[in-house]
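Ligands are counted one by one from 1 in listed order, and the atoms in each one are counted from 1 as well. Position 1 is the first residue of the sequence; numbering continues from there. Here the structure is a predicted model, which means the values were calculated and not measured. FYI, side chains are in, hydrogens and waters are out, and symmetry mates aren't considered; it's all heavy atoms of this structure.
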Amino acid sequence: MASKRMALVALTALLGTMPTAGAVTLNVSTEGGNATSSIMYGLLYEDVYHSGDGGLYSELIQNRAFQGTSVNNNQGPYQTLQYWHTGGSDTLTLDNDAPLLTSALPWHMRVDVASDATGQTGFWNEGYWGMNVTTASTYNASFYIRGSYTGEMLAAFWSNTTNSMLGSTSFNVNQTEADGWVSYSQTFVPTYSGPDEKNTFHITFEGSNVAGGSIRFQMISVLSQSFNGSPNGLRMDLAEAVNELNGKYLRLPGGNNLEGIASPYRWKWNETIGPIITRPGRPGTWGYVNTDGLGLLEMMQWCLDMNLEPILAVWDGLYLDGEIVDEADLQPYIDDVLNELEFLTGPSTSEWGSKRASLGYSDPFTINYLEIGNEDFLNGGIPSYLAYRFSMFYDAVKNEYPNMKIISSIWAGYFTDSSLPVNVIQDLHDYLSADDMAAKFNGYDNAPRTYPVLVGEYAAIYDAQHTSPNQLDNPTLQSATSEAVYFLGLERNADLIVGISHGALIKSLHDEPDNVAMIKHSPTSIVRSMSYYAAKLFATNFGSETVEVTGDVAYGPLYWAATKNDSGTFFIKIVNYGGDSSTTVTVLVPGKTNVATLKTLSAPDMYSTNTLGDTQSIWTETQISVSEGGYSFTLSGAYIMAVLVV
Ligand SMILES: *[C@@H]1O[C@H](CO)[C@@H](O)[C@H](O)[C@H]1NC(C)=O
Ligand SMILES: *[C@@H]1O[C@H](CO)[C@@H](O)[C@H](O)[C@H]1NC(C)=O
Ligand SMILES: *[C@@H]1O[C@H](CO)[C@@H](O)[C@H](O)[C@H]1NC(C)=O
Ligand SMILES: *[C@@H]1O[C@H](CO)[C@@H](O)[C@H](O)[C@H]1NC(C)=O
Ligand SMILES: *[C@@H]1O[C@H](CO)[C@@H](O)[C@H](O)[C@H]1NC(C)=O
Ligand SMILES: *[C@@H]1O[C@H](CO)[C@@H](O)[C@H](O)[C@H]1NC(C)=O
Ligand SMILES: *[C@@H]1O[C@H](CO)[C@@H](O)[C@H](O)[C@H]1NC(C)=O
Ligand SMILES: *[C@@H]1O[C@H](CO)[C@@H](O)[C@H](O)[C@H]1NC(C)=O
């Protein structure tokens, strides 16, 4: 037995490297089919693993307002000097001595200067694992101080690697304690770019001018130049990468981060708006404080800047630790959602609409999609969701906004009493192995059509080499290809599918290197993963109607689907998931004679990944002329994704 098995293993290994050739002919119907969703390929954003703070949000200072701590999974004392260091003869102390700058920020940093101080003294901040300091960006440095000081204050970037100053801006300060809190802000461009990410931000002043005394600091912020120049906006390189995905919707603000790790730490929309000094922040779900600098209006501005349809998720009475709000106590949270909707969509004459207008957005936003909660199938949420939570939010929102499309965060099949109103969209999350992902190609073919489907989160998170969930550190060619097969299954069921978004848009390489994401980042670099390119290939080549495609072989391991857009361009997608190492493809598109473009995505090996400084994905675009027999080309590789644009 043993030797027979050995032989089989050896044969399998041999077959794995032996080139095999296949062929397929695809006959594309020119008749239109079902309309596709106008928001098919979208994005999910929540602050997870520093996707927002220390990521997409353009703030460089970590702990700018002395909020939060990493102690005890973020549940410890809610103030800290973490990430700040003295840079001279002064000592740094947390203080809550009145008057405060705002009640939202109860703790500030008191800088006590030695009585014999001479020369420059001050303090510095580490940033989020460093900072991107470049002459290509303008930076906006700002802070508030209380105390008596007359003289110059210097704000400067330093390189920790070369121990030299990279650039600075000087503030003229002349104030006394009686002036209370005074704000300062200045923009500047550094003289030198940092050689790497190990850069810090320093504030220094003349110690002898304060000898034996103190100056208090609050909200010390440095924003890099933002995407589209939007105020309090998005980090340029990450935002550009996100924009290139050509997403059509933004599901916000989560994700588990909406829910909160425990009472009362749910995401509260009203505490993420207004001047940043009025935002208290909160312990986030993912082990670090959220500044809420990237708040509700910043997310809406993001939608405007990238032409994204917002899918607004609202908190519905379930905390992640399983605490559930009773039916009798739920109304205030429903009122809170109605207030949020008035804030976003109401006329500027309404109570909350006027608040929005006062913050610079006189035009109401449009909210067409609202999701009640997030993953209410977890943490014991199902019984109360079925009994009263879903229906109470649904009824209240529909009463005021009858045309709003409502999304259930659980599968429609849980509503065994059929109480779920027809056309409610079900948000189904799929975190699967690569093989299970690919196996879902026909998963929706025979699904009931009563409740449309949003795949609000997906990712292939393990494979044959990483055998339990989340073991995959980075998407591989194989895992991304499995996601592409999954996309094909959704495109073929366009009459049912509303949209799809990856479960992890952005993660920090420093915070979470060991878990898949579309994009990973450090302060000075970003990595676009295989999954990123797969989603980009599919989202940038998508039509408004499905078209029938007939193949002369059965589906699997080669899969296909096609759409056509309003100007008659066809997008024929073909994915090889572990089949022949070379496939001759012939595509017939009756009536078409134009030169087509073939776009392919592959990599040298099924386990190839994109990592920092090592991009293994290969994206090609070639022109294909028509011949008597149609459009013919060869797809090389057992794992490859392709789109023929005709
Ligand atoms: C392709 O399909 C069309 C119908 O859509 C059919 O008329 C035609 O004969 C088919 N061509 C081939 C080569 O199978
Ligand atoms: C349109 O949807 C119906 C119902 O799901 C399906 O049977 C049909 O194959 C679809 N047509 C195309 C062209 O996708
Ligand atoms: C700066 O470099 C020193 C010495 O290499 C190191 O101990 C320190 O942690 C670094 N600080 C930052 C913020 O990178
Ligand atoms: C710089 O930031 C401060 C504080 O957020 C803000 O008031 C000011 O308008 C900003 N300046 C510029 C030029 O963007
Ligand atoms: C600081 O302000 C005070 C009061 O306005 C003024 O008398 C004094 O000249 C100022 N000092 C400097 C150095 O500007
Ligand atoms: C935000 O709204 C909640 C009610 O949902 C309320 O408890 C809280 O005090 C509000 N926060 C502020 C700063 O007004
Ligand atoms: C750093 O910031 C600049 C300006 O925002 C941006 O262009 C650049 O892509 C960022 N990243 C790197 C790798 O320096
Ligand atoms: C159809 O797709 C082609 C190729 O991507 C594009 O140039 C054209 O603008 C699209 N038409 C519409 C209506 O989207």
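Taking only nitrogen or oxygen atoms, main chain and side chain alike, N27 reaches within less than 3.5 Å of ligand 1. Taking only nitrogen or oxygen atoms, main chain and side chain alike, N140 reaches within less than 3.5 Å of ligand 4.
Atom 7 (O) of ligand 6 is not flagged as protein-proximal [any protein heavy atom, distance under 4.0 Å]. Within 4.0 Å of atom 11 (N) of ligand 1, at least one protein heavy atom is present.
Between F66 and H108, the distance from one ring center to the other does not fall under 6.0 angstrom. A ring-centre distance under 6.0 Å is not found for F201 and W124.
The residue T25 has no part lying near ligand 1, judged by heavy-atom distances below 4.0 Å.
Here the heavy atom of the protein found nearest to atom 4 (C) of ligand 4 is S142 OG, 3.7 Å. Looking from atom 9 (O) of ligand 6 to the surrounding protein, the closest heavy atom is E271 OE2, 4.2 Å. Here the protein heavy atom with the shortest distance to atom 13 (C) of ligand 1 is L588 CD1, 3.5 Å.
Short contacts between ligand 6 and R266, defined as distances under 4.0 Å to a heavy atom of the residue, involve ligand atoms 4 (C), 5 (O). Per-residue contacts place T187 under 4.0 angstrom from the following atoms of ligand 4 (heavy atoms of the residue considered): 13 (C). Those atoms of ligand 6 with a heavy atom of N270 less than 4.0 angstrom away are 1 (C), 2 (O), 3 (C), 8 (C), 10 (C), 11 (N), 12 (C), 14 (O).
By the 4.0 Å N-to-carboxylate-O rule, R279 lies close enough to E298 to be salt-bridged with it. The pair R282-E271 fails the salt-bridge criterion, with no side-chain N (NZ, NE, NH1 or NH2) lying under 4.0 Å from an Asp/Glu carboxylate O. Salt bridge D97/R216: present, at least one basic N to carboxylate O contact under 4.0 Å. Under the 4.0 Å criterion applied to side-chain N and carboxylate O atoms, E177 and R146 are assigned as salt-bridge partners. Between D316 and R266 there is no salt bridge, since no side-chain nitrogen of the basic residue lies less than 4.0 Å from a carboxylate oxygen of the acidic one.
Ligand 6 has no atom lying under 4.0 Å from any heavy atom of K268.
Ring-plane geometry between W158 and H202 is classed as tilted, the angle between the planes lying from 30 to 60 degrees on a 0 to 90 degree scale.
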